[in-house]
2 protein chains.
Amino acid sequence: MKRSDYIPKATIERLPLYYRCLEKISAYEEDEVVSSRELGERLGIPPTQVRKDLSYYGEFGRRGVGYHVEDLKKSLAKILGINKTWPAVLVGAGNLGRALVNYEGFQKMGLQITDVIDSDLDKIGNKVGDITVRSSKDLEEIVKTRQIKIGIIAVPASAAQDVTDLLIAAGIKSIWNFAPTRLVVPEGIIVRNEDLSVGITSLIYHLTWKNE
Amino acid sequence: MKRSDYIPKATIERLPLYYRCLEKISAYEEDEVVSSRELGERLGIPPTQVRKDLSYYGEFGRRGVGYHVEDLKKSLAKILGINKTWPAVLVGAGNLGRALVNYEGFQKMGLQITDVIDSDLDKIGNKVGDITVRSSKDLEEIVKTRQIKIGIIAVPASAAQDVTDLLIAAGIKSIWNFAPTRLVVPEGIIVRNEDLSVGITSLIYHLTWKNE
DNA sequence: TGGAGTTTGTGAAAGTAAGCATAAGGCTTC
DNA sequence: GAAGCCTTATGCTTACTTTCACAAACTCCA
């Protein structure tokens, strides 16, 4: 697949939006074709931006016509790597952990949380959705047998670095971190921080300064 | 308070990180002063970036010395608007809603979820943390009496627009949206989307393309 | 007091991302 | 099959963000 040498980070953040929008169109509309204008309107993104983003990966549209919904959806799935299912292990069976396990939207994006780990002896053995909570002693075996590459951290900030080290020792390649702290990881490990406090703080900031 | 005419969006996203880092230093270290170099190192941000970000709002440091931890913390709290407490109403008492209510980190950032709304009759009357779930019929009264400006949407995408309209009708000024959909709102209403699927998809993308 | 060593604040330069303008292809109608 | 109207793809321009470079201010020590 074509792929330009340099692709803006912001473009990569928009691709999932395009994908999800196409899925919606595919499910609820009978249009076979969609224009960059319409796609953009639905997402609040200028049409030139939509086209430029897609152009980094090839020519998916037909001039004078638009983009074929199903084809573009498939292409985007392949670009994003969500044309296959990625098993993942989640650490932390608290409220947030349970919310993540039960969140329906992830399945569609290729994420499948297959295992849940917690250090709390009271929680081990309990069910979270269909999954039985296990001890971190089992982590390495779980990662190996399922060939898991993604670890999800949903523990308090104070425990996050220890969990990170455990995950990496077990062979994890990438970490989705919900703890509000910066993780130290070896070269080559991908970390994505999902810091909810930043979101609310930036909202409060805008509320505070709105009329000045 | 000084504030430059134009401030990069990215700067505003970093301010909460500085604030939280200062809080940690203030709580666990005895240093009274911190340099932009150290602050940056702890967060993985270049020191010049730290200084530039702060400089949009004034001169907080002393040359040759650094920044006084407590003073800078106070200044940032004021800049971010988190020197006061912001009451908020959350709609959607599902797993995610419960996780948000019980998340400890928000309190420190000025957010206090005071009320929870759900349309599910089975959930109304139940407790989420210390809060009793109420019907959307009570929304307007809740918002008025508590002078709530922030609404949090933790319902499925299909219900999100209806909830948005309700919140705005009740007098809400800003929305923190966890539903994976774009909300249509009148001029002047602030919306912040917290789209978890984007995070995991971008992680999978990087995992997919890592070695090419 | 003065010189060496720090560290901030900021204008200027470099690097990144978005938006514009236009060429090229495609459909429809007469 | 040609004119008119769409829509994509993309080089170029404009706008935004980060990084650099250095003056200014402070500390410490001889």
Side-chain angles (χ1 to χ4, degrees), chain A residues 1-18 21-22 25 31-73 75-76 79 198 202 205, chain B residues 1-18 21-22 25 31-73 75-76 79 198 202 205:
Chain A
M1 181 178 298
K2 169 188 161 175
R3 183 152 160 282
S4 304
D5 284 345
Y6 180 77
I7 295 165
K9 286 190 203 72
T11 291
I12 295 162
E13 305 268 299
R14 281 186 296 264
L15 296 179
L17 304 180
Y18 301 149
C21 192
L22 287 165
I25 295 169
D31 306 357
E32 291 204 344
V33 160
V34 65
S35 66
S36 60
R37 183 183 42 69
E38 182 177 352
L39 208 46
E41 253 165 34
R42 284 171 181 252
L43 296 165
I45 294 169
T48 60
Q49 183 80 78
V50 175
R51 293 202 295 278
K52 178 136 279 194
D53 285 342
L54 296 174
S55 78
Y56 291 115
Y57 298 92
E59 304 193 3
F60 301 103
R62 289 182 65 196
R63 297 175 187 215
V65 182
Y67 300 88
H68 190 272
V69 175
E70 290 307 319
D71 289 353
L72 184 56
K73 186 151 83 79
S75 300
L76 274 175
I79 291 166
V198 171
S202 128
Y205 173 92
Chain B
M1 182 179 299
K2 170 189 162 176
R3 184 152 158 280
S4 304
D5 284 346
Y6 180 78
I7 295 164
K9 286 190 205 71
T11 291
I12 295 162
E13 305 269 299
R14 281 187 295 264
L15 297 179
L17 304 181
Y18 301 148
C21 193
L22 288 165
I25 294 170
D31 306 358
E32 291 204 345
V33 159
V34 66
S35 67
S36 60
R37 183 185 42 71
E38 182 177 353
L39 208 47
E41 253 165 34
R42 286 172 181 252
L43 295 165
I45 294 169
T48 59
Q49 183 80 79
V50 175
R51 293 202 297 277
K52 179 70 107 184
D53 284 342
L54 296 174
S55 77
Y56 291 115
Y57 298 92
E59 304 194 2
F60 301 104
R62 287 182 67 197
R63 299 176 184 212
V65 183
Y67 299 88
H68 190 273
V69 174
E70 291 306 319
D71 289 353
L72 184 57
K73 187 151 82 77
S75 300
L76 275 175
I79 291 165
V198 170
S202 128
Y205 173 91

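Atom set for the values below is all heavy atoms of this structure, side chains included, hydrogens, waters and symmetry mates excluded. Quick note on labels: first sequence line is chain A, next is B, and so on, each numbered from 1.
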Would you say [X] reaches [N]'s phosphate, i.e. side-chain N/O to OP1/OP2 under 4.0 Å?
{"X": "B:Gln49", "N": "D:dT19", "value": "yes"}
{"X": "B:Arg62", "N": "C:dT6", "value": "no"}
{"X": "B:Tyr56", "N": "D:dT18", "value": "no"}
{"X": "A:Arg51", "N": "D:dT8", "value": "yes"}
{"X": "A:Ser36", "N": "D:dT8", "value": "yes"}
{"X": "B:Tyr67", "N": "C:dG9", "value": "yes"}

B:Pro46 near the nucleic acid: base, sugar-phosphate alone, or nothing, with a heavy-atom cut-off under 4.0 Å? sugar-phosphate

Strictly below 4.0 Å, N to O, side chains only: are A:Lys9 and A:Glu13 in salt-bridge contact?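 Here A:Lys9 does not pair with A:Glu13 in a salt bridge, since their nearest N and O are not under 4.0 Å apart.
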
Taking the side chain of [X] as heavy atoms from C-beta outward, which of [options] is closest to it?
{"X": "A:Pro8", "options": "C:dG9, C:dA17, D:dT10", "answer": "C:dA17"}
{"X": "B:Ser55", "options": "C:dT10, D:dT18, D:dT19", "answer": "C:dT10"}
{"X": "B:Arg37", "options": "C:dT7, D:dA9, D:dT8", "answer": "C:dT7"}
{"X": "B:Thr48", "options": "D:dC20, C:dG26, D:dT7", "answer": "D:dC20"}

B:Ile7 backbone acceptor or donor facing B:Ser4 side chain under 3.5 Å: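 No, B:Ser4 side chain to B:Ile7 backbone: no donor-acceptor pair under 3.5 Å.
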
What heavy-atom pair brings B:Arg14 and B:Ile45 nearest, and what distance separates the two atoms? CD-CD1, 3.7 Å

Please name the pair of heavy atoms, one in A:Ile79 and one in A:Leu15, separated by the smallest distance, quoted to 0.1 Å. CG2-CD1, 4.0 Å

Give, for atom NE2 of B:His68 and atom CG of B:Leu72, the distance between the pair rounded to the nearest 0.5 Å.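 It is 10.5 Å, given to the nearest 0.5 Å.
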
Between [atom2] on [N] and [atom1] on [X], what's the gap in Å once rounded to a whole number?
{"X": "A:Leu39", "N": "D:dT7", "atom1": "CG", "atom2": "C1'", "result": "14 Å"}
{"X": "B:Ile45", "N": "D:dT17", "atom1": "CD1", "atom2": "P", "result": "15 Å"}
{"X": "B:Arg63", "N": "D:dC22", "atom1": "CZ", "atom2": "C1'", "result": "11 Å"}
{"X": "A:Leu54", "N": "D:dT10", "atom1": "CG", "atom2": "C1'", "result": "13 Å"}
{"X": "A:Leu72", "N": "D:dA9", "atom1": "CG", "atom2": "P", "result": "10 Å"}
{"X": "B:Lys9", "N": "C:dA17", "atom1": "NZ", "atom2": "C1'", "result": "11 Å"}
{"X": "B:Glu59", "N": "D:dC26", "atom1": "CD", "atom2": "C1'", "result": "14 Å"}
{"X": "B:Ile7", "N": "D:dT18", "atom1": "CD1", "atom2": "P", "result": "13 Å"}

Does A:Lys52 make a side-chain donor-acceptor contact with the base of C:dG19, cut-off 3.5 Å?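 Yes, a donor-acceptor pair under 3.5 Å.
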
